[in-house]
Amino acid sequence: MKYGTLGNSGAVVSNYALGTMTFGAEATEETSHAILDGYVAAGGNFIDTADVYSAGVSEEIIGRWLAQRPDTRDQMVVATKGRFPMGAAPNDVGTSRRHLTRALDDSLRRLGVEQIDLYQMHAWDPITPLEETLRFLQDAVNQGKIAYYGFSNFLGWQLTKAVHLAKAHGWNPPVTLQPQYSLLVREIESEIVPASLDAGIGLLPWSPLGGGWLSGKYKRDQAPAGATRLGENPQRGMEAWQERNDDPRTWEVIGAVEGIAADHGVSASQVALAWLADRPAVTSVILGARTVEQLADNLAAADLELSAQESQQLADVSSPRVGIYPYGPRAQVQRSRKIQGGR
């Protein structure tokens, strides 16, 4: 495991984080605790959860694990999120002071901690003024309830606005952004990655295996079945089976990943994860696992070093599709400049 700072903060985290969305849903408490133990044994120190994961059960499972291991607790960096509904009433959702006050206190209680290391807004709230959200987060820092804060699923302009509003008010800045990012989903490189680099924000990619597609477990034109996410629900979210199966680019990317994996004698998952962990602005890649075996395979990516040629091969085959303007090559030239002048 390698280590770096949590975005622009001084906190140090491992370059692979443990995502816990499966806890209480796809993994029992016993299995979840075994996954946590295996992650720590491999050198990991960064746990990511959210209040909506299994309706609070994920946080409770982590809280009981931390309570049983007080020495380990002091070494862990724990992140959670608030924003999505935890009830049906109008104020049970969003990033308003009203909702976040209760959401944060509930997360602290479920996790059994006095301070959350990284508190993240799970998504943009189009109703609540951003100043209200940022002021709440600053107050939470001042009260010692959170150490740092960040965002998830923000667009580039939303992140930049938050950074500059915090600076204008003299408030603590955000330190991280958690976007979807993988060899199959690279569109964030047009605006979100540059905005993050400009602000010193660390990226925490979620779904780094594209919902399991990059593990190689799905085959072309063979509808998934059995105990996999798409086997249980082929229309699941953004990684739904039919649309990705019908896209030739999906199989070109998977083929390149599997070819490099065969050359190294490792799993396809390890290749996809190693490529992502080395991308600009990435602080820590969030791993999700149903089983201890899945986690162990994913964590082995920490030992894999791709050559520059292999990394470029993957970048080329997975290059995101863009139109002529504003992200196409010719449009990018309009924003470039040679130090010696001229065109």
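Count residues from 1 along the sequence.
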Which word best sums up how the rings of Tyr218 and Trp241 line up, parallel for under 30°, tilted for 30 to 60°, or perpendicular for over 60°? perpendicular
According to the interplanar angle, ranging from 0 to 90°, do the rings of Trp171 and His169 count as parallel (below 30°), tilted (30 to 60°) or perpendicular (above 60°)? parallel
Where [X] and [Y] come nearest, the two heavy atoms and their spacing:
| X | Y | value |
| --- | --- | --- |
| Gly82 | Asp51 | CA-OD2, 3.7 Å |
| Gly24 | Ser54 | C-OG, 3.5 Å |
| Ser96 | Thr128 | N-OG1, 3.5 Å |
| Ala195 | Gly156 | CB-O, 4.0 Å |
| Ser182 | Leu214 | CB-CD1, 4.0 Å |
| Met121 | Leu100 | SD-CD1, 3.6 Å |

Separation of [Y] [atom2] from [X] [atom1] (nearest 0.5 Å):
| X | Y | atom1 | atom2 | value |
| --- | --- | --- | --- | --- |
| Ser207 | Leu287 | OG | CG | 11.5 Å |
| Gln158 | Trp124 | CD | CH2 | 5.0 Å |
| Trp65 | Arg73 | CH2 | CZ | 9.5 Å |
| Ile61 | Ser32 | CD1 | OG | 4.5 Å |
| Leu209 | Ser215 | CG | OG | 6.5 Å |
| Leu111 | Thr49 | CG | OG1 | 7.0 Å |

Asp246-Gln242 side chain donor-acceptor pair, cut-off 3.5 Å: yes
Ignoring hydrogens and angles, state whether a donor on the side chain of Gln75 or Asp71 is under 3.5 Å from an acceptor on the partner side chain. no
Is the number of heavy atoms from other residues, nucleotides or ligands under 6.0 Å of [X] [atom1] greater than 12?
| X | atom1 | result |
| --- | --- | --- |
| Glu131 | CD | yes |
| Arg97 | CZ | yes |
| Gln309 | CD | no |
| Gln68 | CD | yes |
| Arg335 | CZ | yes |

Let me see the working for Asp106 and Arg109 under salt bridge (Lys or Arg N to Asp or Glu O under 4.0 Å), right down to the final yes or no. CA-CA 5 Å; Asp106 286 345; Arg109 173 180 51 78; 3.6 Å; yes
Go through the steps to decide whether His264 and Gln270 satisfy the test side-chain hydrogen bond (donor to acceptor under 3.5 Å, both in side chains), and finish with yes or no. CA-CA 10 Å; His264 284 270; Gln270 291 170 34; over 6 Å; no
Do [X] and [Y] belong to the same hydrophobic cluster, where Ile, Leu, Val, Met, Phe, Trp and Tyr are linked whenever their side-chain heavy atoms lie under 4.5 Å apart, directly or via other members?
| X | Y | value |
| --- | --- | --- |
| Leu118 | Val40 | yes |
| Leu273 | Val292 | yes |
| Val322 | Val317 | no |
| Met76 | Met1 | yes |
| Phe151 | Val93 | no |

[X] with [Y]: basic N within carboxylate O range, under 4.0 Å:
| X | Y | answer |
| --- | --- | --- |
| Lys145 | Asp139 | no |
| Arg244 | Asp247 | no |
| Lys2 | Glu305 | yes |

Strictly distance-based, threshold 3.5 Å: is any side-chain N or O of [X] a donor or acceptor partner for the main-chain N or O of [Y]?
| X | Y | result |
| --- | --- | --- |
| Thr22 | Ala289 | yes |
| Ser284 | Ala17 | yes |
| Thr95 | Thr133 | no |
| Thr160 | Trp157 | no |

So [Y] and [X], do their side chains get closer than 4.5 Å, heavy atoms only?
| X | Y | result |
| --- | --- | --- |
| Asn245 | Thr250 | no |
| Leu104 | Phe136 | yes |
| Tyr53 | Thr80 | no |
| Leu203 | Val193 | yes |
| Ile192 | Ser196 | yes |
| Trp275 | Leu183 | yes |
| Glu191 | Tyr327 | yes |
| Arg69 | Asp37 | yes |

Which residue is it: Val78, Thr72, Leu18, Val77? I am looking for the one with a side-chain contact (heavy atoms from CB on, under 4.5 Å) to Asn45. Val77
side-chain hydrogen bond (donor to acceptor under 3.5 Å, both in side chains) evaluation trace for Gln138 with Tyr149: CA-CA 9 Å; Gln138 182 62 46; Tyr149 72 91; over 6 Å; no
Check step by step if side-chain hydrogen bond (donor to acceptor under 3.5 Å, both in side chains) holds for Ser14 and Tyr39. CA-CA 11 Å; Ser14 48; Tyr39 173 70; 3.0 Å; yes
Identify each donor-acceptor pair in which a side-chain atom of residues 174-181 lies under 3.5 Å from a protein atom, sequence neighbours left out, and give them as a table.
unit_1, atom_1, unit_2, atom_2, d
Gln178, NE2, Asp48, OD1, 3.2
Gln178, NE2, Gln120, OE1, 2.7
Tyr181, OH, Glu189, OE2, 2.6

